[in-house]
Amino acid sequence: MKKKISIGPKLYIVLCFIFLYLPIAVTMFFSFNSSKSLTKFTGFSLRWYQKLLTDQNILSAVYVSISIAIISTAVSTVLGTMTAIGLSRSRKVLKEWILNVNNMPIMNPDIVTAIGLMILFTSALMERGYITMLLAHIAFCTPYVITSVYPKVRRMDHNLANAAMDLGATPFQALTKVIMPMLKPGIYAGMLLAFTMSLDDFVVSYFVTGNGVSNISILVYNMTKRTNPTINALSTLLIVAVVGILILVNVVPKISKKRQRINAEMETAGKHRLKRIGTAGAGVVVCFVAVFCIVRFSSISEKPVLRVFNSGEYIETELLTKFEREHDCKVVYETFDTNESMYTKLQSGAEYDIIVTSDYMIERLIEEQFLQEIDWNRIKNKNAVIPELFGKNYDPKNQYGVPYYWGTVGILYDKRIVDQKDLAQGWELLRNEKYKGQIYMYDSERDSFMVALKALGYSMNTENKSELNAAYRWLIDQNERMNPVYVGDDVMDNMISGNKAMAVVYSGDGAYISSENENMDFFVPNQGSNVWVDAMVLTKYCDNTELAYEFMDFFLREDVSVQNTEYIGYDSAVQSTYEYFRDVEYKGISGCAPDTSNQNNEEFRNQTKEMKEYSADLWTKVKSK
């Protein structure tokens, strides 16, 4: 008989802890990596910690997160405790109704709460920023405090408070000396939960913030749009801080007990006096922090202010500081993850001076009269722009967009695995069963349908539903035969590490990946592709147009565009910068320079509402397979 291998409970515990903490250990390990790779260790270095500690945007985000967490925790703890105590004295009908209302924010998806608060602040004409984020955090933290404290209130003997008042205590003394000590475990639990929820929140914060105010979660989310190992360094410091707090929580009580034995002779009255002083001191500190933070983030700058809205990780933030110094101004910089989320924010009432967005979205904003026309006489570096980027379909008369970056979409492939002869198949290469399980597809509705439509010989801007259906069947067939993995910008690190044989990527990403991994190359199929242009546009809300024109002109300067391109990696709209990276920095990498000669290449056009909904429905079915 075969012996059964039994796993003891201790081994189960060890395996459980490995499962929980191995990702944290890996994150901390790669925070000391000398290269930008998030998966390939190339040597020990502290460069990412140095960048972290000198990046004002990161330090500001940490400051915002911690200050809002402290203030919202203090306020929500007071409100939640008062509400829980009040409920114990309320009628049954009112009590049940309030408890059900209290459970709604807890059970609701975060996105519902976020949209609701965003609409509320917009309707109230409140300028979004630090105050709105703080109010939102208080709103969603308070129900958790009530839920933690109320069970303790129910178990409490309410006659004790009445007895204390019969013996001469005031109502306040009965509250602080009798009721509060009995509720202490529930209050502490609610306080810790509120602090954790506030520090961790992303969704609500993302929708209610503005004026360049970001917390850690928003900052990290934007960092994930590109390969940025500073995330690892920031995460490691947060982990160390949490470990330090846990050590203090466990060590301080033991030290306190020793001191109590040493100071046993201390008078009881003196103890109570010190306790009151300590409590009052903590309250004063929290109030001071609240006032200081609100004044700091709500104060109006005396310098001219320019509000810029851009995609995450799509600008070298050091250049913003440089622009502020040169023009003695303040740039309020905010980021979005997709063009569609940017549009949603604009529709909710958010106002900006300059937006950096894509061609098809600019076309939509022009149609809906969100933009001002550009006065090209006020842009001194106009002649530095690549001539082919003017006169595009989204802006045929060059009235609205100042080109920023551009590129195309193609296939990145591993030369060791993919047969060069197979490249002639173009987009159909992505359905060649020889490479089953070896493909990354870009997790984008329009780009994925572009691949299928071009493979079938159709326009990627088709308004024909039968052609879209054919593209849908192409993608479904690819899913069933090839098992592709749909990814976002994490494709860069995966392909640098050589995890798959092929990936659909933007040309700028293809150039960067190929420069990091010599086994990779890039090509754009002859069936055509999307040649995209991102541009800077001037909104109708822009008041300081002089500063806005200076900003757009600044990013067309050769020295600025070179530094920006080194950080971003895409193809610059400035001709000299584009040629430098094509001929020097990325020399020898084929296909990454966008080709404007292929007549099959197109630009995305703004879809009609009907086609948006129809293609979105098809894309949902593709992703659900």
> Side chains of Thr539 and Gln372: closer than 4.5 Å at any heavy-atom pair?
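A side-chain contact under 4.5 Å is absent here.
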
> Minimum heavy-atom separation for Thr209 to Arg128, with atom names?
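Looking at all heavy atoms of both residues, the shortest contact is O-CB, 3.7 Å.
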
> How would you list, by chain and number, every residue that makes a side-chain contact (heavy atoms from CB on, under 4.5 Å) with Phe32, sequence neighbours excluded?
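Phe32: side-chain contact (heavy atoms from CB on, under 4.5 Å) contacts with Phe44, Leu46, Tyr49.
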
> Apply the test side-chain hydrogen bond (donor to acceptor under 3.5 Å, both in side chains) to residues Asp201 and Tyr206: give CA-CA distance (whole Å), side-chain angles for both, the deciding distance (0.1 Å), then the verdict.
CA-CA 9 Å; Asp201 177 71; Tyr206 185 80; over 6 Å; no

> Between Glu334 and Lys345 (salt bridge meaning N to carboxylate O under 4.0 Å), is one present in this structure?
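A salt bridge is present here (some side-chain N lies under 4.0 Å from a carboxylate O).
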
> Using a strict 4.0 Å threshold on nitrogen-to-oxygen distance, state whether Arg481 and Asp477 make a salt bridge.
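Judged by the 4.0 Å cut-off on N to carboxylate O distance, Arg481 and Asp477 do form a salt bridge.
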
> Taking the basic N atoms (NZ, or NE/NH1/NH2) and the acidic carboxylate oxygens, is any pair closer than 4.0 Å for Glu318 and Lys322?
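No, Glu318 and Lys322 are not salt-bridged.
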
> Are any of the side-chain heavy atoms of Ile411 and Phe523 separated by less than 4.5 Å?
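The answer is yes, as the side chains (C-beta and beyond) meet within the 4.5 Å cut-off.
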
> Ignoring hydrogens, what is the shortest heavy-atom contact between Gln527 and Asn600? Give both atom names and the distance.
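Result for this residue pair: O-CB, 3.2 Å.
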
> Between Thr338 and Ser341, is there a donor-acceptor pair closer than 3.5 Å when you use the side chain of the first and the backbone of the second?
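Yes; at least one donor-acceptor contact below 3.5 Å.
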
> side-chain hydrogen bond (donor to acceptor under 3.5 Å, both in side chains) with Asp395: which residues, sequence neighbours excluded?
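Scan of Asp395 (side-chain hydrogen bond (donor to acceptor under 3.5 Å, both in side chains), adjacent residues dropped) gives none.
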
> The criterion is side-chain contact (heavy atoms from CB on, under 4.5 Å); which residues satisfy it with Glu579, sequence neighbours excluded?
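With sequence neighbours excluded, Glu579 shows a side-chain contact (heavy atoms from CB on, under 4.5 Å) to Gln575, Arg582, Asp583, given in chain and number order.
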
> Keeping the roles fixed (side chain from Ser358, backbone from Tyr360), state whether a donor-acceptor pair exists under 3.5 Å.
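No: the side chain of Ser358 does not pair with the backbone of Tyr360.
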
> Can you check whether Arg446 reaches Asn461 side chain to side chain, under 4.5 Å on heavy atoms?
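Result yes, sub-4.5 Å side-chain heavy-atom pair found.
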
> For Lys623, enumerate each residue passing the salt bridge (Lys or Arg N to Asp or Glu O under 4.0 Å) test, keeping only those at least two apart in sequence or located in another chain.
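Listed in chain order: Asp443.
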
> Looking at residues at least two apart in the chain, or sitting in another chain, which of them share a side-chain contact (heavy atoms from CB on, under 4.5 Å) with Ile24?
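Partners of Ile24 under the side-chain contact (heavy atoms from CB on, under 4.5 Å) test: Tyr21, Met28, Ile239.
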
> Tyr472 and Glu467: side-chain hydrogen bond (donor to acceptor under 3.5 Å, both in side chains), yes or no, with the steps?
CA-CA 9 Å; Tyr472 163 73; Glu467 292 179 356; over 6 Å; no

> Are a donor atom and an acceptor atom from the side chains of Gln563 and Tyr567 found within less than 3.5 Å of each other?
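No, no side-chain donor-acceptor contact under 3.5 Å.
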
> Quick one about Tyr570 and Asp534 (side-chain donor to acceptor, distance below 3.5 Å, no hydrogens or angles considered), yes or no?
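On atom types as modelled, these side chains do not qualify, holding no pair under 3.5 Å.
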
> Any chance the side chains of Ser45 and Ser34 put a donor and an acceptor closer than 3.5 Å?
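Distance-only check fails for Ser45 and Ser34.
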
> Check for a donor-acceptor pair, side chain of Ser514 on one end and backbone N or O of Ala511 on the other, with a separation under 3.5 Å.
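Flag not set: sc Ser514 to bb Ala511 has no pair under 3.5 Å.
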
> Test of understanding: with side-chain hydrogen bond (donor to acceptor under 3.5 Å, both in side chains), list the residues that count as partners of Lys612, not counting sequence neighbours.
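For Lys612 the side-chain hydrogen bond (donor to acceptor under 3.5 Å, both in side chains) partners, ignoring immediate neighbours, are Asn606.
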
> What do you reckon, is CD of Glu367 surrounded by more than 12 foreign heavy atoms closer than 6.0 Å?
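Yes - once you tally the heavy atoms of other residues, nucleotides and ligands closer than 6.0 Å, there are more than 12.
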
> Please confirm whether the ring centroid of Trp376 lies under 6.0 Å from the ring centroid of Phe390.
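Ring-ring flag for Trp376/Phe390: true, centres closer than 6.0 Å.
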
> Less than 4.5 Å apart, side chain to side chain, heavy atoms only: is that true for Glu558 and Tyr580?
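Not in contact.
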
> Ignoring hydrogens and geometry, is there a side-chain-to-backbone donor-acceptor pair from Lys330 to Arg307 under 3.5 Å?
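A pair under 3.5 Å: no.
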
> Determine yes or no for a side-chain-to-main-chain donor-acceptor pair under 3.5 angstrom, with Asn530 supplying the side chain and Thr408 the backbone.
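Checking the backbone N and O of Thr408 against the side chain of Asn530, no donor-acceptor pair under 3.5 Å is found.
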
> Distance-only, no hydrogens or angles: does the Thr54 side chain make a donor-acceptor pair with backbone N or O of Lys51 under 3.5 Å?
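Yes, the answer is positive, given that a donor and an acceptor are paired below the 3.5 Å cut-off.
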
> Partners of Thr27 by side-chain hydrogen bond (donor to acceptor under 3.5 Å, both in side chains), sequence neighbours excluded?
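In terms of side-chain hydrogen bond (donor to acceptor under 3.5 Å, both in side chains), with neighbours along the sequence ignored, Thr27 is linked to no residue.
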
> A side-chain contact here means heavy atoms from C-beta on lying under 4.5 Å apart; do Val62 and Leu234 qualify?
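They are in contact (side-chain heavy atoms under 4.5 Å apart), so the answer is yes.
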
> Which residue in the set Tyr440, Tyr442, Trp619 passes ring pair (Phe, Tyr, Trp, His ring centres under 6.0 Å) when paired with Tyr486?
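For Tyr486, the ring pair (Phe, Tyr, Trp, His ring centres under 6.0 Å) check succeeds only for Trp619.
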
> Measure from NZ or CZ of Lys454 to the centre of the six-membered ring of Trp427, then state whether that distance is under 6.0 Å and the direction lies within 45° of the axis.
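Lys454 over Trp427 ring: no.
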
> Check salt bridge (Lys or Arg N to Asp or Glu O under 4.0 Å) between Asp617 and all other residues, then give those that pass, not counting sequence neighbours.
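Scan of Asp617 (salt bridge (Lys or Arg N to Asp or Glu O under 4.0 Å), adjacent residues dropped) gives Lys621.
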
> When rounded to the nearest 0.5 angstrom, what is the spacing between CZ in Phe323 and CG in Leu320?
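Atom-to-atom, Phe323:CZ and Leu320:CG are 9.0 Å apart.
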
> Side chains of Ile374 and Asn398: does their closest heavy-atom pair fall under 4.5 Å?
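No, side chains not in contact.
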
> With Trp532 as reference, evaluate Phe604, Trp406, Tyr506 under the ring pair (Phe, Tyr, Trp, His ring centres under 6.0 Å) test and give the passing residue.
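It is Tyr506, the one option of Phe604, Trp406, Tyr506 that forms the ring pair (Phe, Tyr, Trp, His ring centres under 6.0 Å) with Trp532.
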
> Where do Asn215 and Ser205 come nearest, in terms of heavy atoms and distance?
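Asn215 and Ser205 have their closest heavy atoms at ND2-OG, 3.0 Å.
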
> Work out which heavy atom in Ile354 is nearest to a heavy atom in Ala548; give both atom names and the distance.
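The pair with the smallest heavy-atom distance is CD1-O, 3.5 Å.
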
> Do Met441 and Met482 have side chains that get closer than 4.5 Å, going by heavy atoms?
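With C-beta onward as the side chain, the pair stays apart.
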
> Do the rings of Tyr314 and Tyr404 sit parallel, tilted or perpendicular, given the 30° and 60° boundaries?
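The rings of Tyr314 and Tyr404 stand perpendicular, inter-plane angle above 60°.
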
> More than 12 heavy atoms of other residues, nucleotides or ligands under 6.0 Å from CG of Asn526: yes or no?
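Counting other residues, nucleotides and ligands, CG of Asn526 stays at 12 neighbours or fewer.
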
> For atom CD of Gln50, is the number of surrounding heavy atoms from other residues, nucleotides or ligands below 6.0 Å larger than 12?
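No, not enclosed.
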
> Taking the basic N atoms (NZ, or NE/NH1/NH2) and the acidic carboxylate oxygens, is any pair closer than 4.0 Å for Glu433 and Lys436?
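No, this pair does not count.
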
> Does the pair Leu538 and Asp353 meet the rule for a side chain to side chain contact (heavy atoms under 4.5 Å, CB included), with working shown?
CA-CA 6 Å; Leu538 205 60; Asp353 299 315; 5.6 Å; no

> May I ask you to decide if Glu340's main-chain N or O and Thr344's side chain share a donor-acceptor pair within less than 3.5 Å?
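Yes, the answer is positive, given that a donor and an acceptor are paired below the 3.5 Å cut-off.
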
> Between Thr462 (side chain only) and Tyr458 (backbone N and O only), is there a donor and an acceptor less than 3.5 Å apart?
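No, Thr462 side chain to Tyr458 backbone: no donor-acceptor pair under 3.5 Å.
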
> Got a sec, which residues hit side-chain hydrogen bond (donor to acceptor under 3.5 Å, both in side chains) with Arg605, two or more places apart in sequence or on another chain?
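If we apply the side-chain hydrogen bond (donor to acceptor under 3.5 Å, both in side chains) test to Arg605, skipping adjacent residues, the hits are Glu363.
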
> Given 3.5 Å as the limit, does a donor-acceptor pair link the side chain of Glu602 with the main chain of Met460, or not?
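Yes.
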
> I need the minimum non-hydrogen distance between Thr565 and Tyr405, along with the two atoms involved.
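Looking at all heavy atoms of both residues, the closest pair is OG1-OH, 2.8 Å.
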
> Between Gln438 (side chain only) and Ala501 (backbone N and O only), is there a donor and an acceptor less than 3.5 Å apart?
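Yes; at least one donor-acceptor contact below 3.5 Å.
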
> Name all residues meeting the side-chain contact (heavy atoms from CB on, under 4.5 Å) criterion together with Glu603; count only those two or more places apart in sequence or in a different chain, and write none if there are none.
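Here the qualifying residues are Asp359, Lys392, Asn393, Tyr394.
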
> Any side-chain heavy atom of Ile496 within less than 4.5 Å of one from Tyr512?
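In short, these two side chains touch, coming nearer than 4.5 Å.
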
> For Ser529 and Asn601, work out which heavy atoms get closest and say how close.
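That closest heavy-atom pairing would be N-OD1, 2.9 Å.
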
> Among residues two or more places apart or on two chains, list those pairs meeting salt bridge (Lys or Arg N to Asp or Glu O under 4.0 Å) that have a residue in residues 398-421.
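Every pair satisfying salt bridge (Lys or Arg N to Asp or Glu O under 4.0 Å) with a residue in residues 398-421: Asp414-Arg416.
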
> Not counting sequence neighbours, which residues clear ring pair (Phe, Tyr, Trp, His ring centres under 6.0 Å) with Phe449? List them please.
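With neighbours one apart ignored, the set is empty.
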
